[in-house]
Number of protein chains: 2
Amino acid sequence: MAIFSKTCEYAIRAVFYIAQKSASGMKSGIKDIAAEIDSPELYLAKILQDLSRKGLITSTKGPNGGFFLTSEMLELPLIEVVKAVDGDALFTGCGLGLKQCSELHPCPLHNEFKAIRNDITLMLSNVSIGGFNQELAEGLVSLKKSKTD
Amino acid sequence: MAIFSKTCEYAIRAVFYIAQKSASGMKSGIKDIAAEIDSPELYLAKILQDLSRKGLITSTKGPNGGFFLTSEMLELPLIEVVKAVDGDALFTGCGLGLKQCSELHPCPLHNEFKAIRNDITLMLSNVSIGGFNQELAEGLVSLKKSKTD
DNA sequence: ATAATAAAAGATATTTTTATCTTTTATAAG
DNA sequence: CTTATAAAAGATAAAAATATCTTTTATTAT
Ligand code: FES
Ligand code: FES
């Protein structure tokens, strides 16, 4: 098990890609995005539709259309994307699956999980959707699933 | 998405339960365990069979039989259970789902994920399967999914 | 030996997640 | 206003995770 669902991994890689394009005023078509982040095109379309409905990304139809981010959206913390896709179990739920995480009736690992959840929450709150545009543009980091080396 | 699969949550709760019983020399029947940790009995049986094959727990058949842990098993770090059930994607995989986590071709969140993965690994390596027996015996912590309050 | 007990194993079923296919709607350009 | 483009929406399909059912094997006590 990975930390995020596959759906969420695609979503994050996609918004990072769209963000970088948006920074230079470009819109991204679903075909292009899917190819650049190595994701199934039609499935990614569904994911982006969902993010669009939730207001985390936006799009226009028709020629010269595509997905893009407003400058406000570029400033949103990445945790918004994760919450939109995977919900907030990762941030508030009990690590051992108890119905609710509770100080009164904690699981054995409650304190340990609390610390880790806190770290994850902080990290995802402190990086913004557009925060990696520079590194992406410079090719210092990658969004492609399959390695080329 | 939670941090562990449901299967893994059941596995951890079960080994904690068996551990506490084992500490006082008792074996635990699958029926008893399932009831005490609120898990589907027959599914949990499969999970425990798997842990048994992998040598993390042991059992005897027949009357007075059941699952139990040797003193060596009680000392094993909990991470062994997680690895046996969920694999090690959580500890070594790329958080954004790239084929492999790599320093040379990192994803944008590589450093951030590395720190968090490290925290999780450390935490699960530093708690032992039998490490909560006292707190469990005293009723300070709970393994029951559904709250009674 | 026989019967009762309890886990192991194998087969099947259900649910959720992931992925694809098809049709519709909105937009822009000619 | 017609055509091309591209996302939105709805329906379906495939795969994986979760859960259950049935039969078998090992052990213990009588
Ligand atoms: S009760 Fe389990 S993490 Fe809080
Ligand atoms: S490359 Fe993504 S976590 Fe290392």
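These figures come from a predicted structure and were not determined experimentally. All heavy atoms count here, side chains included; hydrogens, waters and symmetry mates do not. Below, chain A is the first sequence line, B the second, and so on; all start at residue 1.
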All N/O donor-acceptor pairs, side-chain side in residues 19-29 of chain B, below 3.5 Å, sequence neighbours left out:
unit_1: B/S22; atom_1: OG; unit_2: B/I18; atom_2: O; d: 2.9
unit_1: B/S22; atom_1: OG; unit_2: B/L69; atom_2: N; d: 2.8
unit_1: B/S24; atom_1: OG; unit_2: B/K21; atom_2: O; d: 3.2
unit_1: B/K27; atom_1: NZ; unit_2: B/T60; atom_2: OG1; d: 3.4

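What separates CZ of B/F67 from C1' of D/dA26 is a distance of 13 Å, to the nearest Å. One atom, CG of A/L42, and another, C1' of D/dA6, lie 13 Å apart when rounded to the nearest Å. Summarising the geometry, the separation between CZ on B/F4 and P on D/dT18 is reported as 14 Å, rounded to the nearest angstrom. D/dA6 atom P lies 15 Å from atom CG of A/L48, rounded to whole Å. The interatomic distance linking A/Y43 (OH) with D/dA15 (P) rounds to 15 Å, in whole Å.
A salt bridge links B/D50 and B/K54; the closest N-O separation between the charged side-chain nitrogens and carboxylate oxygens is under 4.0 Å.
Annotation: salt bridge (Lys or Arg N to Asp or Glu O under 4.0 Å) contacts of A/K31 (sequence neighbours excluded): none. For B/T7, the side-chain hydrogen bond (donor to acceptor under 3.5 Å, both in side chains) criterion is met by B/Y43, not counting sequence neighbours. Contacts of B/E138 classified as salt bridge (Lys or Arg N to Asp or Glu O under 4.0 Å), with partners at least two apart in sequence or in another chain: none. With sequence neighbours excluded, the residues forming a salt bridge (Lys or Arg N to Asp or Glu O under 4.0 Å) with A/K114 are A/E103, listed by chain and number. Every residue two or more places apart in sequence or in another chain was checked for a side chain to side chain contact (heavy atoms under 4.5 Å, CB included) with B/K61, and none qualifies. Residues passing the salt bridge (Lys or Arg N to Asp or Glu O under 4.0 Å) test with A/D119: none are found, sequence neighbours excluded.
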Between the protein and nucleotides 28-30 of chain D, which nitrogen or oxygen pairs come in under 3.5 angstrom?
unit_1: D/dA29; atom_1: OP1; unit_2: B/N64; atom_2: ND2; d: 3.3

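A/M1 belongs to a hydrophobic cluster with B/M1, counting contacts under 4.5 Å between side-chain heavy atoms of Ile, Leu, Val, Met, Phe, Trp and Tyr, direct or through other members.
A 4.0 Å heavy-atom criterion places the boundary nucleotides of DNA chain C facing chain A at C/dT18 to C/dA29, written 5' to 3'.
At the heavy-atom level, A/K46 lies under 4.0 Å from base atoms of the strands shown. B/S28 comes within 4.0 angstrom of the backbone, heavy atoms only, and of no base. Here A/I30 lies in heavy-atom contact (under 4.0 Å) with sugar-phosphate atoms only.
The number of heavy-atom neighbours closer than 6.0 Å to CD of A/E41, taken from other residues, nucleotides and ligands shown, is above 12.
The stretch residues 6-20 of chain B has no heavy atom under 4.0 angstrom from DNA chain C at all.
For residues 76-93 of chain B, the pairs satisfying side chain to side chain donor-acceptor pair (under 3.5 Å) are B/S5-B/D86, with sequence neighbours left out.
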